[in-house]
Amino acid sequence: MNRRKFIKNTALTSAGIAIGSSLANCKNKSTHSTEINALTTGANVKSKLPLVIATWSVKEATAKAMEVLDAGGNALDAVEQGCKIEEANEKGQSVGKGGLPDRDGKVTLDACIMDKHGNCGAVVYLQNITHAVSVARKVMEDTPHVMLAGEGAKQFAISKGFEPEDLLTEASKQAWEKWKVEAKYKPIINIENHDTIGMLAIDKNGDISGACTTSGLAYKMGGRVGDSPIIGSGLFVDNEIGACVATGLGEEVVKTVGSFLVVELMRQGKAPQKACEEAISRIVNKPNSNYKDFQVGYIAVNKKGETGSYSIHQWFSMTKFQNGVNEQIQSDYFLKT
Ligand code: GLY
């Protein structure tokens, strides 16, 4: 089940996003794996590093990240390069170039990145620059700040050599024109809507980094920002413990500081899978939660290289590249009936 099919089958909020391409199946071999031993609930578990996981079916992106890791690159380089694959993919209408616009026809991007030291950078409401994740990295590395927004973020990117370009493709423009006929800004059932690319990697040294990039909710209000550039919500990395990244309706992730929650649950001893499940339960168990109308999904990895993924609705998936196998793994989910 690719991302398109997932979202078609899921009740989500607001007006629709057409989701990106299904990507080629890759079974690339990781040639420089480092075997590690790890203890999990008393059992001796063997894992292989390096390791990459990402939200949804993005095998070309995880393959790129693994290529970086196999060549001796670090986790930070890997997640940036991996996310850039999806940002450049014009067929993907939820990330980077070709992303669906806001209700005024503007494509606005949110992204963040976090390294093994806990350093982080983010951009919000970035326009005309395809590689938002790379601008986020520049914010982290070349400024004293964590986050730049809007025109300031764009001018910063240009000053760093990023070329401004029109991100609204003909396909996304047509989709927006169609949406404008009714211009309904309310929950719609069974319509393609949303997805964010989040990626987590552990390199051969056992160090973790993560990144997250999105064009956000399609036809959103001008100025709307979701969870993806918010450190602790869309992404959190703690190199002692593990990392988590979120996808789905950002407002609900922000309200529960989802990615930080998952990492803290892992700190308390939960496996990544259980931590993701607990974070979803915090959303669905809220009084008056309308969780049947939206999707949230988490993926997580711990320091031992164990992974987990969980979502509210069916058909969320994680792409995992480990031990030479690049595979899409269907996520378990809450709403079984
Ligand atoms: N999760 C991405 C967003 O809500 O914008």
Side-chain angles (χ1 to χ4, degrees), residues 3 6-7 10-20 54-56 58 83 86-87 92-96 98-103 106-114 122-127 132-133 136 147 149-150 153 167 172 185-188 191-200 210-236 244-262 276 279-280 283 290-291 293-300 309-313 315-318 331:
R3 289 181 286 157
F6 158 75
I7 286 178
T10 304
L12 294 167
T13 58
S14 200
I17 282 179
I19 298 302
T55 53
W56 305 101
V58 290
C83 285
E86 281 298 304
E87 288 178 335
Q93 290 182 295
S94 60
V95 179
L100 287 170
D102 66 14
R103 54 170 66 176
K106 294 178 183 160
V107 180
T108 72
L109 306 181
D110 300 331
C112 73
I113 195 162
M114 195 164 184
V123 288
V124 305
Y125 199 70
L126 176 68
Q127 293 179 60
V133 71
M147 185 180 288
L167 302 184
S172 290
Y185 195 69
K186 66 177 189 178
I188 297 174
I191 187 164
E192 289 181 302
N193 183 283
H194 212 280
D195 95 295
T196 297
I197 299 305
M199 186 175 287
L200 308 172
C212 189
T213 184
T214 189
S215 53
L217 193 64
Y219 319 128
K220 59 198 173 187
M221 291 176 68
R224 181 265 187 191
V225 171
D227 62 311
S228 299
I230 311 293
I231 297 296
S233 290
L235 170 72
F236 196 69
C244 175
V245 70
T247 187
L249 188 65
E251 281 77 1
E252 299 301 322
V253 177
V254 168
K255 287 174 195 168
T256 49
V257 199
S259 292
F260 181 75
L261 174 61
V262 169
C276 291
I280 290 293
I283 295 172
N290 62 334
Y291 65 87
D293 295 331
F294 62 82
Q295 172 71 318
V296 171
Y298 293 111
I299 64 169
S309 69
Y310 198 68
S311 56
I312 298 175
H313 294 268
W315 305 126
F316 174 53
S317 63
M318 167 174 76
S331 176

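Each ligand, and each atom within it, is numbered from 1 in the order the structure gives.
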Scan side-chain atoms only and decide if T214 and S228 contain a donor-acceptor pair under the 3.5 Å cut-off.
-> no

Atoms in ligand 1 with a heavy atom of G226 nearer than 4.0 Å | 5 (O)

Is there at least one pair of N or O atoms, one from L249 and one from ligand 1, spaced under 3.5 Å apart?
-> no

Who are the salt bridge (Lys or Arg N to Asp or Glu O under 4.0 Å) partners of K106, not counting sequence neighbours?
-> none

For D227, take its heavy atoms, then give the atoms of ligand 1 lying under 4.0 Å from any of them.
-> 1 (N), 2 (C), 3 (C), 4 (O)

Ligand 1 versus R224: contacting region, heavy-atom distance under 4.0 Å = side chain

Measure from the ring center of Y298 to the ring center of Y310 and say whether it is less than 6.0 Å.
-> no

Taking only heavy atoms of T196 into account, list the atoms of ligand 1 that are under 4.0 Å away from them.
-> 1 (N), 2 (C)

For S228, the ligand 1 atoms whose distance to one of its heavy atoms is below 4.0 Å | 1 (N), 2 (C)

Give yes or no for whether the N/O distance cutoff of 3.5 Å, strictly under, is met between G248 and ligand 1.
-> yes

Test side chain to side chain contact (heavy atoms under 4.5 Å, CB included) on M147 and I230 and set out the steps.
-> CA-CA 9 Å; M147 185 180 288; I230 311 293; 4.1 Å; yes

Please lay out, stage by stage, how F316 and T247 fare under the test side chain to side chain contact (heavy atoms under 4.5 Å, CB included).
-> CA-CA 9 Å; F316 174 53; T247 187; 3.3 Å; yes

Heavy-atom check, side chain of M318 versus side chain of T55, under 4.5 Å = no

